[in-house]
Amino acid sequence: MMILANEMKQTQEVILKEETVIIQTSKACKLFFQYLELGKARLTTLVMTSAVAGYFMGPGDLDLKTLLCCSVGTGFMSASSHVFNQLLEVPHDAMMGRTKQRLLVQKSITTQHAVIFGILVGFFGLAMLCMAVNPLTCFLGALTWLLYVAVYTPMKRISILNTWIGSVVGALPTLMGFTALTNKVSLDGALLFAISFSWQFPHFNALSWYLRKDYARAGYKMMSVCNQNLCRSTTLNYACVLPLICLMTCISGLTSKEFFVVSLPVNGVFIFLSYDFFKQPTVTNARKLFKYSLIYLPLIFSLMFVCKGKYSLGFNVFFATEEEI
């Protein structure tokens, strides 16, 4: 009987230990996914992709270590800025259908916990960019964080100029990727920045159009709320600017002349959808424009890489003479 009792006791202890491990693992997994949500993982992935695109468009030999550190460091900085953005906007997020389920609004994670997480990932991001990439890229990362948290976030409730500041913030990661390879800001880097900057207006204006009631309820000064005519016109104007910037990349030598040709249909659809939105600003047209904007940027950067100046990998072969090949 004593032996049987001991065996049962040992079995119970093993089961208890296994249950403890399962509970701890479950808590760790839950916390991990909370961190992903707090750092806006999908948006941060887009930011990292922009940095990678900028890196691949730079002239010179590609270094996988630098590329990895640039993308991860940029991602950490992006996640940190999103954390502090949410910390500052808890009462306003609670008023919007799109954001009222966020962790800080629902108090699923404490403010102190979020602050510590935001500081840590921001610190590691800056350290990685400074030590493993270069100080210029680190400076641009810090500038992006500062503009997003200290300027864009409070300005959303003050002035419609917040969209222009937000567009600078959204375009800087592309420039960071370029400087990670080149360690300088040049005309080519400025053109990459200009493409990302101009793209922001059709992209965000379309999104804010069908969310304008939410933005108005939370007191945000978006163009779609305060000046709807300006919202529509800036959307179309910046869509029309994009083909000109694409042409300038050919003139500068960043891309080959064939890039302008193959980018015309991509830009043409963007302008057409922006014009549709300008003439008939319905929710349906806004959604169409927003969905296409998600395709536009990765597509245009892919075409740029394929037609990358003298380093072109694809389309130039079809247009080049035998001597050039």
Side-chain angles (χ1 to χ4, degrees), residues 32-55 69-93 96 98-99 102-105 109-133 135-159 161-180 193 196-197 199-200 203-204 207-208 215 218 220 222 297:
F32 174 74
F33 285 109
Q34 284 182 328
Y35 285 153
L36 289 179
E37 186 177 342
L38 198 59
K40 296 185 181 178
R42 286 189 297 179
L43 187 54
T44 291
T45 301
L46 180 62
V47 171
M48 294 170 68
T49 304
S50 298
V52 170
Y55 186 89
C69 291
C70 173
S71 60
V72 173
T74 302
F76 279 171
M77 293 298 294
S78 173
S80 174
S81 67
H82 290 141
V83 171
F84 284 97
N85 167 263
Q86 291 173 79
L87 284 164
L88 293 170
E89 292 187 339
V90 169
H92 307 282
D93 283 346
M96 299 176 63
R98 186 172 64 98
T99 56
R102 284 179 175 173
L103 294 174
L104 289 167
V105 177
I109 194 166
T110 65
T111 300
Q112 294 84 351
H113 193 159
V115 169
I116 292 170
F117 173 69
I119 290 173
L120 286 176
V121 293
F123 172 78
F124 283 119
L126 272 181
M128 187 172 291
L129 292 174
C130 185
M131 297 167 59
V133 185
L136 174 59
T137 305
C138 178
F139 168 77
L140 291 174
L143 177 63
T144 305
W145 189 97
L146 190 65
L147 284 174
Y148 187 70
V149 176
V151 181
Y152 172 70
T153 298
M155 190 177 281
K156 286 163 70 177
R157 296 181 294 277
I158 299 171
S159 169
L161 292 175
N162 70 78
T163 304
W164 278 264
I165 300 297
S167 297
V168 171
V169 172
L172 278 171
T174 308
L175 182 60
M176 289 171 63
F178 185 84
T179 59
F193 172 88
S196 294
F197 175 82
W199 167 84
Q200 302 280 336
H203 170 73
F204 180 73
L207 173 68
S208 67
Y215 282 122
Y220 290 128
M222 299 301 174
L297 202 60

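Here the structure is a predicted model, which means the values were calculated and not measured.
Side-chain atoms of Phe76 and Val72, non-hydrogen and from C-beta on, do get closer than 4.5 Å to each other. The shortest distance between side-chain heavy atoms of Leu175 and Leu172 falls below 4.5 Å. Put simply, the side chain of Thr99 does not reach to within 4.5 Å of the side chain of Glu89, judged on heavy atoms. When side chains are defined from C-beta on, Thr144 does not count as touching Val47, because their heavy atoms never get closer than 4.5 Å. You'll find the side chain of Asn162 reaches within 4.5 Å of the side chain of Tyr152, heavy atoms only. Within the 4.5 Å cutoff, no side-chain heavy atoms of Val151 are placed close to those of Leu146.
Under a 3.5 Å cut-off, the side chain of Ser208 and the backbone N or O of Phe204 do form a donor-acceptor pair. Checking side-chain atoms of Ser78 against main-chain N and O of Thr74 turns up no donor-acceptor pair under 3.5 Å.
Atoms CZ and SG, from Phe139 and Cys130 in turn, are 12.5 Å apart once rounded to the nearest 0.5 Å. In this structure, CZ in Phe193 is found 14.0 Å from CZ in Phe178, a value given to the nearest 0.5 Å. Atom OG1 of residue Thr174 and atom CG of residue Leu140 lie 11.5 Å apart, to the nearest 0.5 angstrom. Interatomic distance, Met77 CE to His82 NE2, rounded to the nearest 0.5 Å: 11.5 Å. In this structure, CH2 in Trp145 is found 12.0 Å from CG in Leu143, a value given to the nearest 0.5 Å. Considering CZ of Arg157 and CG of Leu88, their distance stands at 7.5 Å, rounded to 0.5 Å.
For Ser71 against Val52, the heavy-atom pair with the smallest separation is CB-CG2, 3.9 Å. Here the shortest heavy-atom pairing between Gly170 and Pro173 reads O-CD, 3.5 Å. The minimum heavy-atom distance linking Gly75 with Thr44 is given by the pair O-CG2, 3.4 Å. In this structure, Glu37 and Arg102 approach most closely via the heavy-atom pair OE2-CA, 4.4 Å. Heavy-atom minimum distance, Ala180 versus Val133: CB-CG1, 3.5 Å. Heavy atoms only, all atoms of each residue included: Gly166 and Gln200 are closest at O-OE1, 4.5 Å.
Taking the six-membered ring where the residue is Trp, His92 and Tyr220 present tilted rings, their angle falling between 30° and 60°.
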Open item on the list: Determine whether Leu129 and Met176 satisfy the following criterion, side-chain contact (heavy atoms from CB on, under 4.5 Å), listing intermediate values before the conclusion.
Closed with: CA-CA 10 Å; Leu129 292 174; Met176 289 171 63; 3.8 Å; yes

TODO: Check the pair Leu38, Ile109 against side-chain contact (heavy atoms from CB on, under 4.5 Å), reporting the backbone distance first and the verdict last.
DONE: CA-CA 9 Å; Leu38 198 59; Ile109 194 166; 4.2 Å; yes

Which pairs of donor and acceptor atoms, one on a side chain in residues 110-127, lie under 3.5 Å apart (sequence neighbours left out)?
unit_1	atom_1	unit_2	atom_2	d
Thr110	OG1	His113	N	3.1
His113	NE2	Tyr35	OH	2.6

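Annotation: side-chain hydrogen bond (donor to acceptor under 3.5 Å, both in side chains) contacts of Thr163 (sequence neighbours excluded): none.
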